[in-house]
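Take a look at the structure set out below.
In each ligand, atom 1 is the first atom listed, and ligand 1 is the first ligand listed. For the single chain, residues carry numbers from 1 onward in sequence order. Values reported hereafter were calculated over all heavy atoms of this structure, with side chains retained and with hydrogens, waters and symmetry mates removed. Quantities reported herein were computed from a predicted structural model and do not represent experimental measurements.
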Amino acid sequence: MTNGKLARTTRAIYPGSFDPPTNGHLDVVERAAKCFGELLVAIVVNPQKRSPMFSLDERVAMLKECITGIHNARVEHFHGLLADYVKSANADVIVKGLRVVSDFESEMSAAMMNRSLSGVDTLFLMSDQKYSFVSSSLVKEVYFLGGDVASLVPDPVLRVMAEKRTSQLESRS
Ligand code: PNS
């Protein structure tokens with residue numbers, strides 16, 4: 001990937017839990033889609049060490065709605081190792097977002113591990129400063145404790161979160 005022409009033929013994978021997708025994720029998708037010919041937004045089915053709040057179907061549907069209009073991006077999902085998925089998808093590059101310096105420590109070892117397993121490099125995009133504090137886990141915690149997250153997640157996500165909160169409240173009453 002040495003010039004713009006090659007970049008346009010490159011297949012990139014942006015992996016994540018997307019539980020749920022945030023405006024920070026969407027910002028990375030929008031900018032990565034401008035850098036690469038094809039962008040696969042790949043949802044890990046079972047994130048390590050935690051069970052997702054949103055089902056795979058919900059995460060796929062939310063992300064699909066969020067990226068409508070980004071013609072070279074599509075939503076996929078994978079089980080198991082990212083490195084295996086990257087190889088099976090014939091991807092050229094992995095894309096990740098970096099919000100703050102502390103993200104770099106874990107991302108650096110993940111990038112090295114993924115390169116040693118798959119031969120594929122990870123390229124990092126700096127998150128927009130206004131999303132540097134936004135994570136899916138904080139968004140969930142704040143929202144389900146009654147906080148306002150409308151400026152932090154895309155509208156389709158806010159709608160699904162509202163439905164989930166309503167059904168949680170109904171099941172408690
Ligand atoms: O949105 P997240 O939770 O920060 O994304 C983390 C993700 C999905 C990129 C990472 O957990 C992952 O790659 N999971 C797949 C399992 C795997 O390959 N683990 C080794 C990573 S070096």
Any protein heavy atom < 4.0 Å from atom 4 (O) of ligand 1: no
G80 touching ligand 1 at heavy-atom level, < 4.0 angstrom: yes
Nearest neighbour in protein (non-hydrogen) for atom 9 (C) of ligand 1: K96 CE, 3.8 Å
Protein residue, atom and distance nearest to atom 21 (C) of ligand 1, heavy-atom basis: N114 OD1, 4.2 Å
Nearest-contact summary for atom 19 (N) of ligand 1 - protein heavy atom, Å: L81 CD2, 4.1 Å
Face-on cation placement of R165 at Y143 ring, 6.0 Å and 45° thresholds: yes
Any N/O pair L82/ligand 1 closer than 3.5 Å: yes
Hydrophobic cluster membership, I70 vs M62, 4.5 Å side-chain cutoff: no
SB check R11 D92 (cutoff 4.0 Å): no
Side-chain donor/acceptor of S132 to backbone N/O of D128, under 3.5 Å: no
Location of contacts on V44 toward ligand 1, heavy atoms closer than 4.0 Å: side chain
Candidate with minimal heavy-atom separation from atom 2 (P) of ligand 1, of A83, S109, S17: S17
Over 12 non-hydrogen atoms of neighbours within 6.0 angstrom of NZ in K64: no
Verify atom 7 (C) of ligand 1: protein non-hydrogen atom under 4.0 angstrom away: no
Side-chain touch S17/I43, heavy atoms, less than 4.5 angstrom: no
Straight-line distance of Q168 CD to F144 CZ, nearest 0.5 Å: 5.0 Å
Per-atom contact, atom 12 (C) of ligand 1, protein heavy atoms, under 4.0 angstrom: no
